[in-house]
Amino acid sequence: MSPSRKRAPSPTPPLIEPARRESLRAGLLAWYDRQKRDLPWRRTRDPYAIWLSEVMLQQTQVATVIPYWERFLQRFPTVEALATAPLPDVLAAWRGLGYYSRARNLHLAAQDVVARYGGKLPSTAAQLLTLRGFGRYTAGAVASIAFGEPAPLVDGNVARVFSRLFEVEGLPGDRVREARLWALATELVSPERPGDFNQALMEHGATVCRPDNPLCLLCPVREDCLAWRHGRVNELPPAKVRAAPKRMTLALAVWAHAGRLLLARREEKGLFGGLWELPAAEIEADTPDPESAGKLTQALGTPVRVEAVLGTVRRQLTHRSLTLRLLRVTGSTHPTRAPAFRELRWCTPEEASSLGMSTAMHKALEAALEAGVLPA
DNA sequence: TACGCGTGGGT
DNA sequence: TACCCAAGCGT
């Protein structure tokens, strides 16, 4: 073929036929307008409040998030208020919600928004992606819901809905599958109502196109669903294989002195990063208690000896089985800083209970107090 | 790239 | 009871 006869590159054919695309958009939006839940973040247009909801909702269910979202906004009503707050205060407001790196990243991003954007969240997915804690999903969610940009998004719900609607094969995490899901989301998102449409997709996945026992008879787009037509709804998407949780054992120092307990704040990364705890040192499961005393001595930077074993608290995380051994310890000097920790503080029980602390450590603290380490 | 990172609701 | 896993991100 001579260069003069070369045609312009033909556009890639759409993944979804235009008629079907319109039918899906209309069906899902009409269903959403009738059936959407009355969620508190759907009553605001404040981009910061919407951003906060999206971060809290990562890997966390709606019912769990609602009270946290309301309390957090009362405590930190604006990006500026959040940016200027000390991290430990932010983590205290996040206590019990889990995945604490979300709170650390939110805090960093708020400071970035103040520094780079005068405290106003940027309005495009591309700009949002440059902020800590914004991945492809959250950037698309905030851009579409808070700012009306027709940006696509794919979360666990959307992945499930699409894998059924379009019979997308492959295991979760498969690159080809992920690329196809995002391409479908990009074609399908409504240019007129992108935020509502994206929420409609997720709401549909959460309430109708559920993982188990999907309510196909109530589905507004059943006739457009390939898995429904082919009787494959229950085999799509394939379940993801989950690694067995790893065991971790911690020795906890329960050190009482003058009516106070020694608390420590962890380094700001990894498990429970930045949170307060009874000073902890990782040990092997079968470590004898004198050896645990050695580990705690190292962590605290001052000699401690174990006076008694107060008990054991077990806690199951998704990816870890935690065993916390509570050791009543004492020593001749009372440290106020230590090599393994960000901060140390001698706390009354009341002070301790207001600190940002994981649920696991909160249970350990309760067990220590019930054991009578601080006689009234 | 695959793994580390929490918690509580649902069944 | 003991699983399942939910509006993901960072490394």
Side-chain angles (χ1 to χ4, degrees), chain A residues 32 36-37 39-42 50-69 91 94-106 108-109 128-146 151-161 171-176 178 181-182 185 195-207 209-213 237-246 248 266-275 277 314-322 356-363:
Chain A
Y32 182 69
K36 69 178 173 188
R37 292 171 286 181
L39 303 178
W41 41 88
R42 290 181 176 159
I50 292 168
W51 168 28
L52 178 66
S53 75
E54 289 301 335
V55 175
M56 287 187 166
L57 285 162
Q58 289 168 11
Q59 302 290 288
T60 309
Q61 295 177 344
V62 165
T64 304
V65 165
I66 290 173
Y68 280 92
W69 183 83
L91 290 171
W94 206 269
R95 175 174 68 180
L97 199 52
Y99 284 139
Y100 299 94
S101 66
R102 294 182 295 173
R104 301 196 301 269
N105 290 335
L106 182 72
L108 285 170
L128 292 166
L129 260 179
T130 68
L131 295 165
R132 289 288 288 213
F134 277 88
R136 209 173 172 187
Y137 164 79
T138 307
V142 173
S144 63
I145 298 170
L153 61 74
V154 176
D155 74 330
N157 288 308
V158 176
R160 180 173 58 258
V161 171
L171 290 167
D174 178 81
R175 291 179 67 94
V176 174
E178 302 302 320
L181 293 172
W182 278 94
D196 284 344
F197 180 78
N198 283 334
Q199 292 187 87
L201 270 180
M202 295 189 283
E203 184 95 341
H204 179 249
T207 61
C209 198
R210 307 183 300 199
D212 298 314
N213 307 314
K240 61 185 92 172
V241 283
R242 197 173 290 267
K246 296 177 177 171
M248 181 161 83
R266 296 171 67 87
E267 293 297 334
E268 288 168 3
K269 58 179 159 53
L271 183 67
F272 304 141
L275 297 179
E277 65 181 10
R314 291 180 206 285
R315 176 85 186 153
Q316 190 62 47
L317 314 184
T318 298
H319 49 287
R320 283 183 189 274
S321 297
L322 291 184
M357 190 176 289
S358 68
T359 300
M361 202 56 64
H362 193 74
K363 290 179 185 301

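Not measured: the values here are computed from a predicted model. All chains are named by letter (A, B, ...) in the order of the sequence lines, taking the proteins before the strands, and each is independently numbered beginning at 1.
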Got a second to check how far A:Ile50's CD1 is from A:Trp69's CH2, nearest 0.5 Å?
->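 Rounded to the nearest 0.5 Å, the CD1-CH2 separation comes out at 8.5 Å.
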A:Leu106 side, atom CG; A:Met56 side, atom CE - distance, nearest 0.5 Å |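 Rounded to the nearest 0.5 Å, the CG-CE separation comes to 7.5 Å.
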Take the protein atom CG of A:Leu181 and the nucleotide atom C1' of C:dG8, then report the distance between them rounded to whole Å.
->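 That distance rounds to 15 Å.
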Base, sugar-phosphate alone, or nothing: which one does [X] contact when heavy atoms must sit under 4.0 Å apart?
X: A:Arg136; value: sugar-phosphate
X: A:Arg37; value: base
X: A:Ser53; value: nothing
X: A:Trp94; value: nothing
X: A:Asn198; value: nothing

Sugar-phosphate or base contact per nucleotide [nucleotides 5-11 of chain B; S, B, -; heavy atom under 4.0 Å] = BBBBS--
Can you tell me if A:Gln59 and A:Arg102 form a side-chain donor-acceptor pair at under 3.5 Å?
->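 Absent: no donor and acceptor within the cut-off.
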B:dG4 OP1/OP2 closer than 4.0 Å to side-chain N/O of A:Lys246 =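 Yes, A:Lys246 has a side-chain N/O under 4.0 Å of OP1/OP2 on B:dG4.
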Any side-chain N or O of A:Arg175 under 4.0 Å from OP1/OP2 of B:dA2?
->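 No, no such contact exists.
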Counting side-chain heavy atoms from C-beta on, which of C:dA6, C:dC5, C:dG10 comes nearest to A:Pro211?
->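 Looking only at side-chain atoms, A:Pro211 lies closest to C:dA6.
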Sequence neighbours left out, what passes ring-ring contact (aromatic ring centres under 6.0 Å, His included) with A:Phe134? Give chain and number order.
->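 Partners of A:Phe134 by the ring-ring contact (aromatic ring centres under 6.0 Å, His included) criterion, ordered by chain and then number, come out as A:Trp51.
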Contacts table for residues 135-144 of chain A: side-chain donor-acceptor under 3.5 angstrom, sequence neighbours left out:
from     : atom 1 : to       : atom 2 : distance (Å)
A:Tyr137 : OH     : A:Glu54  : OE1    : 2.6
A:Thr138 : OG1    : A:Gln58  : NE2    : 2.9
A:Ser144 : OG     : A:Gly140 : O      : 2.8
A:Ser144 : OG     : A:Ala141 : O      : 3.2
A:Ser144 : OG     : A:Asn198 : ND2    : 3.0

How far does the P atom of C:dT11 sit from the matching atom of B:dG6, given to the nearest Å?
->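 14 Å, rounded to whole Å.
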Hey, what's the ring geometry for A:His319 with A:Tyr99, parallel, tilted or perpendicular (30° and 60° as the breaks)?
->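 Rings of A:His319 and A:Tyr99: parallel, as their planes differ by under 30°.
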Sub-3.5 Å donor-acceptor pair from the side chain of A:Arg95 to the main-chain atoms of A:Ser358, do we have one?
->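 Not at all, since once roles are kept as given, no pair shorter than 3.5 Å links the two residues.
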Nearest nucleotide by nearest heavy atom, which residue falls closer to the 5' end of DNA chain C, A:Arg242 or A:Phe134?
->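 The answer here is A:Arg242.
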